[in-house]
Amino acid sequence: MPKTKLVLANFEDTGRGLMATKKGFGLHYDELRVLTEYQYLSLFLALHSQIEYAPFKAYLKTIPSSFDTVGVNLESRLVSFLPADMQKMIQSQKDKLKQDWIAVNRILRIHGILLSEKTFNWAWCAVNTRCVTLSPDRPPNTSSIMSQPNPTIALIPMFDMLNHDSNANVQAYFDLPTNSFVFRTLRPIFRGQQVFLSYGPHDNGFLFVEYGFVIKNNPYNFVNVDEEFLKLTIEKMQFVESS
């Protein structure tokens, strides 16, 4: 078989022309519009990661090869040691990941396109940990793309390399009039100094589940004891009743 994707060939109705030697993905945009933005971007990354000469290969190489420390990929044994509220967050993330995989795989199976759930998991985690919200007034769209013509999230090469700090030295936002992403320094930044961005006023529980890391001296850190307090209250009531 020819190694190239296109070769010269003779056709009965038109004569010489170009013939495809390999089957493409065969996905049409109209079919993909039923997906949410998260599903669409995850599928985009997953499929392009399978192409040897993908146009976005340079960007794909900047994405971590695995996301072992994020909540959805933690071993069940480790999750069992976490506080109840974090366990619920992780389960919610797992449910969303599963729903997104089912929605995407349903379309792929129609076209006979093979994509492993492991590859989709990687792409989904990349989107979840690296995408940016284009406007604080427009939360990420959870319905299909066709229901909202303007995107609410995006992947921005290089921008997603910024690390988090609650006392960040830059601010970033999407400027609608210029249709561009703007960076503004909050204080002087010297040569050789790392540039930080705040991912938001999040406690370490959220950062760990969502991004797979925690930070020292987090000013937004707190401990949720609602579940534990409820258990103690129930145990106390049962003790009183049995007395």
Side-chain angles (χ1 to χ4, degrees), residues 25 27-51 53-65 67 70 93 96-97 100 103-104 120 122-202 206-207 209-213 215 218-220:
F25 287 138
L27 294 174
H28 194 273
Y29 176 70
D30 286 340
E31 296 175 289
L32 302 179
R33 290 178 66 202
V34 300
L35 300 177
T36 66
E37 290 181 279
Y38 268 86
Q39 294 166 355
Y40 187 92
L41 284 175
S42 300
L43 176 60
F44 176 87
L45 286 184
L47 290 179
H48 276 76
S49 70
Q50 308 298 298
I51 304 174
Y53 299 106
F56 298 95
K57 203 69 174 180
Y59 172 61
L60 292 173
K61 288 182 179 180
T62 68
I63 300 175
S65 59
F67 293 90
V70 298
Q93 289 277 46
K96 185 177 184 300
L97 171 57
D100 289 348
V104 166
F120 183 79
W122 166 83
W124 189 91
C125 288
V127 173
N128 193 57
T129 58
R130 306 175 85 81
C131 75
V132 296
T133 303
L134 298 181
S135 173
D137 300 325
R138 291 185 299 157
N141 183 23
T142 56
S143 55
S144 64
I145 296 173
M146 69 175 66
S147 66
Q148 187 165 331
N150 297 317
T152 60
I153 61 172
L155 290 170
I156 305 177
M158 291 300 291
F159 173 85
D160 58 12
M161 299 298 291
L162 286 166
N163 286 321
H164 166 74
D165 193 307
S166 56
N167 189 30
N169 46 19
V170 299
Q171 180 186 38
Y173 60 91
F174 185 72
D175 186 55
L176 287 174
T178 60
N179 196 36
S180 60
F181 225 80
V182 177
F183 288 82
R184 291 190 183 279
T185 57
L186 301 176
R187 56 183 178 274
I189 300 176
F190 302 99
R191 183 176 181 179
Q193 185 179 359
Q194 184 172 180
V195 178
F196 286 101
L197 179 74
S198 173
Y199 295 177
H202 302 306
F206 179 90
L207 292 174
V209 172
E210 193 80 3
Y211 302 107
F213 68 86
I215 59 174
N218 187 343
Y220 302 105

> Keeping Asn169 on the side-chain end and Val195 on the backbone end, is there a donor-acceptor pair under 3.5 Å?
no
> Would Gln194 and Asp165 satisfy side chain to side chain contact (heavy atoms under 4.5 Å, CB included), going step by step from the backbone distance to the final call?
CA-CA 11 Å; Gln194 184 172 180; Asp165 193 307; over 6 Å; no
> With sequence neighbours excluded, tell me which residues meet ring-ring contact (aromatic ring centres under 6.0 Å, His included) with Tyr220.
none
> Could you label the plane-to-plane angle of the Phe213 and His164 rings as parallel, tilted or perpendicular, counting under 30° as parallel and over 60° as perpendicular?
tilted
> Ser166 and Pro219: which non-hydrogen atoms are nearest, and at how many Å?
OG-CD, 3.4 Å
> Ignoring hydrogens, what is the shortest heavy-atom contact between Asp100 and Gln39? Give both atom names and the distance.
OD1-NE2, 2.8 Å
> Taking the side chain as C-beta and beyond, is there a heavy-atom pair between Lys57 and His48 under 4.5 Å?
no
> With the side chain counted from C-beta on, respond yes when Leu155 and Tyr59 share a heavy-atom pair under 4.5 Å apart, and no when they do not.
yes
> Are there more than 12 heavy atoms of other residues, nucleotides or ligands under 6.0 Å from atom CZ of Arg187?
yes
> Measure up the Tyr38 and Trp124 rings against each other and bin them: parallel (under 30°), tilted (30 to 60°), perpendicular (over 60°).
tilted
> Does the side chain to side chain contact (heavy atoms under 4.5 Å, CB included) test come out yes or no for Val170 and Leu197, once each step is laid out?
CA-CA 6 Å; Val170 299; Leu197 179 74; 4.2 Å; yes
> Return the orientation label for the Phe159 and Phe181 ring planes: parallel under 30°, perpendicular over 60°, tilted otherwise.
perpendicular
> Grab the two heavy atoms, one from Ala46 and one from Phe120, that are nearest each other, plus how far apart they are.
CB-CA, 4.4 Å
> Over 60° means perpendicular and under 30° means parallel, so tell me whether Phe56 and Phe44 are parallel, tilted or perpendicular.
perpendicular
> Taking atom NZ of Lys96 and atom CG of Asn128, what is their separation to the nearest 0.5 Å?
6.5 Å
> Quick check for you: to the nearest 0.5 Å, what is the distance between Cys125 atom SG and Glu210 atom CD?
10.0 Å
> Pick from Leu45, Leu41, Leu47: which one makes a side-chain contact (heavy atoms from CB on, under 4.5 Å) with Leu43?
Leu47
> Restricting to non-hydrogen atoms, name the atom on Phe183 and the atom on Leu162 that form the minimum distance, rounded to 0.1 Å.
CE2-CD1, 3.6 Å
> If you compare all heavy atoms of Leu60 against all heavy atoms of Trp122, which two are closest, and at what distance to 0.1 Å?
CD2-CH2, 4.2 Å
> Side-chain contact, heavy-atom cut-off 4.5 Å: Arg130 with Pro64?
yes
> Looking only at heavy atoms, what is the nearest atom pair of Tyr211 and Thr129, with distance?
CE2-O, 3.6 Å
